[in-house]
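Structure in structure tokens, see below.
Counting begins at 1 with the first residue of the sequence.
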Amino acid sequence: MLKNLVFVIKAKQDFIRFYGDEKKKNAPLLNSLFESISETYIPLLNMIENLEKDNIPCKFGLVLPPLLCTMLEESEIQDMYVEYLEKQILLSADELSRCSSDSYIVENIHNKIKEVEILKDSFVEKYNKNLIKAFSDCMQKGYIELLATCGSDVFLPHYADMKEVVSAQIETGLHAYKQTFGELPDGFWLPELGYRPGIEKIIKSYGFTYTILDSRSVLLSDDIPENGIFYPVRTENFLVLFANDYSVENELFGEQGIVHASVYRNENRDVGFELPMSDLKSFLEEDGIRYSTGFKYWNKCYNDQNNNIYSENAAKEQVQIDAKKFINKRLQKLTEAEKLTTSTDFVTLVCTFDAGKLKENWHEAIYWFECLFREAKKASLNMATCNEMLSKQYNLDKHTPCYAAALGSGYGENLLSKKNNWMMRYIRKASERMVDLADRFPNDTGLKTRLLNLGAKELILSQSLNLAKSISDDDFPTFSEERFLNCIEAFTTVFDSLGSNVVSTEWLTTIECKDNFYPWMNYRIFSKKK
């Protein structure tokens with residue numbers, strides 16, 4: 001029996017304004033995007049190339065949210081990223097001078113210079129600044145399967161009773177995928193794996209073949225599948241369901257999780273927060289906000305001796321050990337599942353990973369992924385993608401999953417905490433108004449159409465769960481709250497303008513320039529569904 005192992009990596013990114021004064025104002029958020037490019041996106045592409053050279057089977061699923069694709073395709077963002085790398089090179093020269101007496105830190109700085117040079121060469125020369133095209137090329141070669149997702153990272157269970165909202169989010173994501181990658185996907189990614197009964201009908205209506213659920217949706221339902229999470233099932237309308245491996249999250253981030261190994265780089269210590277601003281002027285503005293520079297010299301050992309200085313070689317040795325353990329655990333699970341499953345031609349484990357969470361906690365994550373593929377080959381595990389297991393979709397066991405999510409304690413309750421629950425009444429009211437507007441102005445053109453399209457975009461952006469989550473987690477909460485209120489204010493202005501038949505074209509043009517994503521938006525996606 002074939003033993004399949006599926007990796008699905010989910011990136012996340014909300015839209016960040018980056019024109020004029022917004023560029024300086026949003027510098028910490030833009031810096032976080034550039035860190036993701038350096039820590040995740042370029043390393044993933046280089047990983048694929050390394051495995052290809054060594055003839056190591058490499059297949060995995062990847063979710064690139066539409067708003068991330070929009071930003072990565074912006075020429076100004078691309079130029080700003082090159083500028084970010086150049087500032088890191090300037091800062092490295094300052095750091096070499098400042099730390100010249102400490103050979104351990106000097107070694108780290110030289111490693112950082114080498115890393116930045118590789119990143120710049122890869123981004124500019126190898127990928128011609130177009131990472132989206134590079135990922136698309138990898139898809140065409142069969143190395144990755146790109147899954148579609150919603151127009152923003154919306155938590156769909158909150159809108160299960162508003163099918164127009166769910167449809168609009170799914171349709172926006174699907175159209176963005178077609179615009180970016182030029183074809184139709186098989187798989188649909190539920191943001192944070194948030195599922196509630198009934199959503200599968202809307203997903204299937206847009207032509208998707210499968211989705212991935214949190215294991216609790218499968219294992220806590222009334223009709224537990226005979227083969228558990230080790231074999232796909234289908235819904236009544238033949239949408240194929242895969243369940244994620246519930247143990248991965250704790251294995252990585254639990255109290256004894258892999259990411260906490262003492263030799264790994266400490267992501268919570270950065271010279272950008274520890275040095276006087278005068279020592280950081282080549283990277284940060286002296287009167288500006290502090291944020292990460294990428295120069296992190298310490299491991300997670302938490303002491304004041306030289307053995308808490310980060311060693312790249314020691315970290316890589318630990319990565320190889322951890323990768324082997326992880327693969328062996330998956331092999332053990334699949335071997336046990338093989339004994340227990342009935343009438344199946346394969347057993348499979350789907351492991352989902354949050355790229356943002358990995359980036360924030362584990363510098364070595366992508367090298368770990370590369371080691372996983374190498375260890376999987378040694379263990380004779382078949383690295384696969386979900387769309388390769390759909391040949392028997394109409395013969396799969398029927399299943400009715402229950403409400404669950406890969407967020408909070410399994411139900412996304414942190415999106416309605418005491419810190420952020422005030423947001424929902426604004427979103428719900430704006431959603432009701434958008435559906436009403438779409439039906440009141442079904443055939444309008446010109447200025448009204450521009451207003452309605454802008455309202456639709458601002459609403460979709462305001463529905464992003466990342467805004468509520470960052471407020472709950474105190475992760476850039478001020479930005480998230482301001483961004484949310486800006487979206488609601490813009491939508492309300494659209495609503496009032498249409499009601500009074502008076503609009504400021506200057507205001508409309510200004511907001512359209514600032515929020516220049518989804519230029520093809522059609523507000524009619526919010527029209528009432530029968």
Side-chain angles (χ1 to χ4, degrees), residues 5-13 34-64 68-69 72 81 85 111-112 114-147 248 252 258-259 264-265 267 294 312-313 315-327 330 350-379 381-385:
L5 186 56
V6 178
F7 294 155
V8 181
I9 301 172
K10 164 63 170 67
K12 69 175 182 180
Q13 182 63 58
F34 299 148
E35 284 184 326
S36 294
I37 295 173
S38 291
E39 297 279 347
T40 304
Y41 309 136
I42 294 177
L44 269 178
L45 290 166
N46 289 342
M47 177 197 79
I48 293 171
E49 184 179 4
N50 293 338
L51 294 172
E52 182 182 31
K53 286 179 181 177
D54 294 342
N55 199 30
I56 302 293
C58 173
K59 287 185 178 181
F60 62 95
L62 181 63
V63 185
L64 297 175
L68 171 63
C69 295
L72 292 181
Y81 176 65
L85 295 176
N111 287 339
K112 183 65 178 180
K114 181 180 178 181
E115 174 190 305
V116 173
E117 288 174 346
I118 291 173
L119 288 168
K120 187 175 180 181
D121 179 69
S122 297
F123 186 70
V124 177
E125 301 298 332
K126 191 188 299 184
Y127 305 123
N128 197 28
K129 299 184 181 180
N130 193 339
L131 299 182
I132 297 303
K133 183 180 184 304
F135 281 117
S136 182
D137 291 343
C138 289
M139 178 176 67
Q140 297 302 325
K141 292 179 181 179
Y143 295 125
I144 60 177
E145 180 197 2
L146 290 168
L147 286 75
V248 170
L252 289 176
I258 291 173
V259 304
Y264 289 147
R265 196 175 79 174
E267 296 303 292
E312 184 176 296
N313 291 333
K316 285 188 173 181
E317 289 177 6
Q318 185 64 43
V319 164
Q320 293 168 12
I321 294 171
D322 289 335
K324 186 173 183 178
K325 287 181 179 178
F326 186 88
I327 289 297
R330 308 282 90 66
V350 178
C351 303
T352 61
F353 304 92
D354 184 329
K357 192 170 183 178
L358 286 171
K359 188 264 291 185
E360 292 165 6
N361 293 278
W362 197 14
H363 171 65
E364 299 80 8
I366 303 304
Y367 180 60
W368 178 72
F369 275 115
E370 182 173 333
C371 292
L372 290 182
F373 285 104
R374 297 181 186 277
E375 292 296 332
K377 182 179 181 180
K378 295 177 186 176
L381 286 175
N382 180 50
M383 301 306 299
T385 53

Exercise. Any chance you could lay out the side chain to side chain contact (heavy atoms under 4.5 Å, CB included) test for D354 and K10, step after step, and finish with the verdict?
Key: CA-CA 5 Å; D354 184 329; K10 164 63 170 67; 5.6 Å; no
Exercise. Could you grab the distance from atom CG of L131 to atom CG of L68, nearest 0.5 Å is fine?
Key: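 Reported to 0.5 Å precision, the distance equals 9.0 Å.
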Practice problem: Looking only at non-hydrogen atoms, find the nearest pair between T385 and G61 and report the distance. | Solution: CG2-N, 4.3 Å
Exercise. List for me each residue that meets side-chain contact (heavy atoms from CB on, under 4.5 Å) alongside N382, sequence neighbours excluded, and say none if there are none.
Key: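 Only L2, N4, A384 meet the side-chain contact (heavy atoms from CB on, under 4.5 Å) criterion with N382.
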Quiz prompt | Ring centers of F369, F60 separated by less than 6.0 Å | solution =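 No: the rings miss the under 6.0 Å criterion.
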Self-check item: Closest heavy-atom pair and its distance - R374, N50
Solution: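 Heavy-atom minimum between the residues: NH2-O, 4.1 Å.
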Quiz item: Would K316 count as a cation-pi partner of Y367, with NZ or CZ less than 6.0 Å from the six-membered ring centre and within 45° of the ring normal?
Solution: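 Verdict for Y367: a cation-pi partner in K316.
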Self-check item: Atom pair CD1/OH of I48 and Y143 - distance to nearest 0.5 Å
Solution: 8.5 Å
Quiz item: Checking side chain to side chain contact (heavy atoms under 4.5 Å, CB included) for the pair I56/E370: CA distance, chi angles, key distance, verdict?
Solution: CA-CA 10 Å; I56 302 293; E370 182 173 333; over 6 Å; no
Quiz prompt | Salt-bridge contact K378-E375 (side-chain N to carboxylate O under 4.0 Å) | solution = yes
Quiz item: W368 vs F326 aromatic rings, parallel, tilted or perpendicular, using cut-offs 30° and 60°?
Solution: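 Taking F326 first and then W368, their aromatic rings stand perpendicular (interplane angle over 60°).
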Exercise. Write down the atom of S36, the atom of K359, and the distance for their closest heavy-atom approach.
Key: OG-CE, 3.4 Å
Quiz item: Shortest non-hydrogen contact from C371 to A323?
Solution: CB-CB, 3.5 Å
Quiz prompt | Stepwise side chain to side chain contact (heavy atoms under 4.5 Å, CB included) check, I321 with K325 | solution = CA-CA 6 Å; I321 294 171; K325 287 181 179 178; 3.9 Å; yes
Quiz prompt | Euclidean distance, I144 CD1 relative to L44 CG, rounded to 0.5 Å | solution =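 Taking CG in L44 and CD1 in I144, the distance rounds to 8.5 Å.
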Exercise. May I ask you to test the I118-I42 pair for a side-chain heavy-atom distance under 4.5 Å?
Key: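 They are not in contact (no side-chain heavy atoms under 4.5 Å apart), so the answer is no.
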Quiz item: Between G356 and K12, what is the shortest heavy-atom contact and its length?
Solution: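 The pair with the smallest heavy-atom distance is CA-CE, 4.5 Å.
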Quiz item: Which value, rounded to the nearest 0.5 Å, describes the distance between I9 atom CD1 and T40 atom OG1?
Solution: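 OG1 of T40 is found 8.5 Å from CD1 of I9.
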Exercise. Could you grab the distance from atom SG of C138 to atom CG of L146, nearest 0.5 Å is fine?
Key: 9.0 Å
Exercise. Flag the pair K126 / E49 as yes when at least one side-chain heavy-atom distance between them is below 4.5 Å, and no otherwise.
Key: yes
Exercise. Give the C-alpha distance, both sets of side-chain angles, the deciding distance and a yes or no for side chain to side chain contact (heavy atoms under 4.5 Å, CB included) between L252 and N361.
Key: CA-CA 10 Å; L252 289 176; N361 293 278; over 6 Å; no
Quiz item: Taking the side chain as C-beta and beyond, is there a heavy-atom pair between E267 and E360 under 4.5 Å?
Solution: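 E267 vs E360: side chains apart.
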Quiz item: Once you round to the nearest 0.5 Å, how far does OH of Y81 lie from OG of S38?
Solution: 2.5 Å
Quiz item: Do K112 and E115 sit within salt-bridge range, that is, some charged N less than 4.0 Å from a carboxylate O?
Solution: yes
Quiz prompt | Atom of L85, atom of V116 and distance for their closest heavy-atom approach | solution =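 Minimum heavy-atom separation between L85 and V116: O-CG1, 3.6 Å.
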Practice problem: Flag the pair S122 / N46 as yes when at least one side-chain heavy-atom distance between them is below 4.5 Å, and no otherwise. | Solution: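 Of all side-chain heavy-atom pairs linking N46 with S122, at least one is under 4.5 Å.
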Quiz item: So do the side chains of T352 and V248 get within less than 4.5 Å of each other, counting heavy atoms only?
Solution: no
Exercise. Determine the interplanar angle of the W362 and Y264 rings, folded into 0 to 90°, and report it as parallel if under 30°, tilted if 30 to 60°, perpendicular if over 60°.
Key: tilted
Quiz item: Can you find a pair of side-chain heavy atoms, one from P57 and one from K377, that are under 4.5 Å apart?
Solution: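 Sidechains of K377 and P57: in contact.
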Quiz prompt | Heavy-atom check, side chain of Y41 versus side chain of I132, under 4.5 Å | solution = no
Self-check item: Short N-O contact, K133 and D137, less than 4.0 angstrom
Solution: yes
